[in-house]
Amino acid sequence: MEITLKNLQEVGIRQSLQNNVLTNVGPALPLYHIDTFLRIAHFMAQVCHESDGFTIGTESLSYTRPARLMMVWPKRFATIEFAQQYINDAKKLANYVYANRMGNGGVETNDGYTFRGRGPMQTTGRENYARMSNKIFNDDRLLTNPDLLSDLQYGIKAALTEWKESNCNAMADTDDIHKVTVCINGGTTGLHERKIWLDKWKHSLQAKTA
């Protein structure tokens, strides 16, 4: 089983992006044994959520409301007054929320912003960029040119590598979106929206095999 242009149209992928997705994602899926109804549906649901239907190549982090920051990072933003300092300042926000984690240095290193989420699985953090760079290029070029992951031909390889190394095919085989989401996200953020994408992909793929 493989994805088709009709599938992309039916689930709502923007027309201007469809050929790029079909060219770069379609042929790559079977290389990672994502070739069954459930595996394709679950993988595509996750990357479609993470990238908002492949429209987001790089995490923007440009928030306009303090309340939203408090919702997304409740442990880091306890008050509206503190959150207000990070509104409409993506670099300052990224360097704060991603500092001293995932291999990043402190705020002063700019690692948080440099290695913010990119690609259809939103690879984030210096250590993950280093790992994916080694997997994809056998060198460290993503550390000096992290924007390469925003290019779907490379970003999808990072997403597929993450999927494979996390053994997500096995979870998809049981049709357990909760487990797949925790595996990809580390929690259940966006679970409802991920279910919507999954339903769309299931419906489209089922129509193809009916």
Side-chain angles (χ1 to χ4, degrees), residues 3 7-8 11-14 17 20-35 38-61 72 94 97-98 101-104 111-137 141-143 145-173 176-198 200-201:
I3 62 173
N7 293 143
L8 298 177
V11 301
I13 302 302
R14 189 178 297 174
L17 302 173
N20 191 27
V21 173
L22 193 65
T23 299
N24 287 294
V25 180
L29 297 183
L31 300 178
Y32 291 78
H33 305 291
I34 303 174
D35 49 12
L38 284 176
R39 291 180 180 185
I40 293 173
H42 277 272
F43 176 80
M44 294 303 293
Q46 292 293 327
V47 295
C48 282
H49 172 75
E50 293 287 343
S51 67
D52 193 17
F54 295 97
T55 62
I56 298 174
T58 303
E59 185 179 16
S60 76
L61 291 164
V72 176
V97 298
Y98 294 144
R101 48 190 293 237
M102 300 177 290
N104 292 339
D111 280 354
Y113 185 72
T114 301
F115 301 110
R116 64 196 185 280
R118 289 185 179 84
M121 203 71 87
Q122 292 293 282
T123 299
T124 307
R126 174 182 279 274
E127 65 183 17
N128 288 320
Y129 273 74
R131 181 167 59 89
M132 288 303 167
S133 190
N134 183 60
K135 294 286 185 178
I136 298 171
F137 301 110
R141 75 184 69 181
L142 286 180
L143 296 181
N145 191 3
D147 283 327
L148 282 174
L149 275 191
S150 297
D151 187 327
L152 189 57
Q153 67 173 313
Y154 304 123
I156 194 60
K157 292 180 180 179
L160 288 163
T161 298
E162 192 71 43
W163 181 270
K164 178 182 178 180
E165 292 185 347
S166 299
N167 198 29
C168 289
N169 273 338
M171 300 175 201
D173 288 343
D176 191 333
I177 190 172
H178 187 277
K179 286 185 178 179
V180 174
T181 297
V182 170
C183 183
I184 294 300
N185 177 257
T188 57
T189 302
L191 182 61
H192 176 70
E193 291 76 14
R194 294 171 202 266
K195 287 180 178 178
I196 292 174
W197 276 111
L198 181 60
K200 288 181 180 179
W201 275 101

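For the numbers below, each heavy atom of this structure counts, side chains included, while hydrogens, waters and symmetry mates do not.
- For the atom pair CD (Gln122) and CD1 (Ile56), the distance works out to 6.5 Å, reported to the nearest 0.5 Å.
- In terms of heavy atoms, Leu17 sits closest to Thr55 at CD1-CG2, 3.8 Å.
- Using a 4.5 Å heavy-atom threshold, the side chains of Arg194 and Asn185 count as touching.
- The structure places CE of Met102 at 5.5 Å from OG1 of Thr124, a figure rounded to the nearest 0.5 Å.
- Two residues are said to be in side-chain contact when any heavy atoms from C-beta on lie closer than 4.5 Å; Leu160 and Lys164 fail this criterion.
- By the 4.5 Å heavy-atom criterion applied to side chains, Val11 and Met44 are not counted as neighbours.
- Rounding to the nearest 0.5 Å gives a distance of 11.0 Å between NE2 of His49 and NE2 of His192.
- With a 4.5 Å cut-off on side-chain heavy atoms, Leu143 and Ser133 do not count as touching.
- Contact record, Thr189 with Thr181: O-CG2, 4.3 Å, taken as the closest heavy-atom pair.
- The two residues Leu61 and Ala94 have their closest heavy-atom pair at CD1-CB, 3.4 Å.
- Counting non-hydrogen atoms of other residues, nucleotides and ligands closer than 6.0 Å to NZ of Lys157 gives a total of 12 or fewer.
- Formation of a donor-acceptor pair under 3.5 Å by the Asn145 side chain with backbone atoms of Arg141 is not found in this model.
- Contact check for Leu29 versus Asp35: no side-chain heavy atoms found under the 4.5 Å cut-off.
- The CG atom of Leu142 sits 9.0 Å away from the CZ atom of Phe115 when rounded to the nearest 0.5 Å.
- Taking all atoms of both residues into account, the shortest heavy-atom contact from Val97 to Arg101 is O-NH1, 2.8 Å.
- Scanning all heavy atoms of the two residues, the minimum distance from Trp163 to Arg39 falls at CZ2-O, 4.2 Å.
- Side chains of Thr161 and Tyr32 form a contact here, defined as non-hydrogen atoms less than 4.5 Å apart.
- Applying the ring pair (Phe, Tyr, Trp, His ring centres under 6.0 Å) criterion to Trp201, with sequence neighbours excluded, gives no partner residue.
- Summarising the geometry, atom CD1 belonging to Ile156 is positioned 5.5 Å from atom CZ belonging to Phe54; distances are rounded to the nearest 0.5 Å.
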Under the side-chain contact (heavy atoms from CB on, under 4.5 Å) criterion, do His42 and Asp176 qualify, and how do the steps go?
CA-CA 9 Å; His42 277 272; Asp176 191 333; over 6 Å; no
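- Heavy-atom minimum distance, Ala172 versus Val180: N-CG2, 4.0 Å.
- For the pair Arg126 and Tyr129, the NZ or CZ position fails the cation-pi test of under 6.0 Å to the six-membered ring centre and within 45 degrees of the ring normal.
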Could you list the donor-acceptor pairs under 3.5 angstrom formed between side-chain atoms of residues 146-155 and any protein atom two or more places apart in sequence or on another chain?
unit_1, atom_1, unit_2, atom_2, d
Asp147, OD1, Arg118, NE, 3.0
Asp147, OD1, Arg118, NH2, 3.2
Ser150, OG, Gly57, O, 3.4
Ser150, OG, Thr58, OG1, 2.5
Asp151, OD1, Gln153, N, 3.1
Asp151, OD2, Gln153, NE2, 3.3

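- Side-chain atoms of Met121 and Met132, non-hydrogen and from C-beta on, never get closer than 4.5 Å to each other.
- Ile13 CD1 to Leu8 CG: the interatomic distance, rounded to the nearest 0.5 Å, is 6.0 Å.
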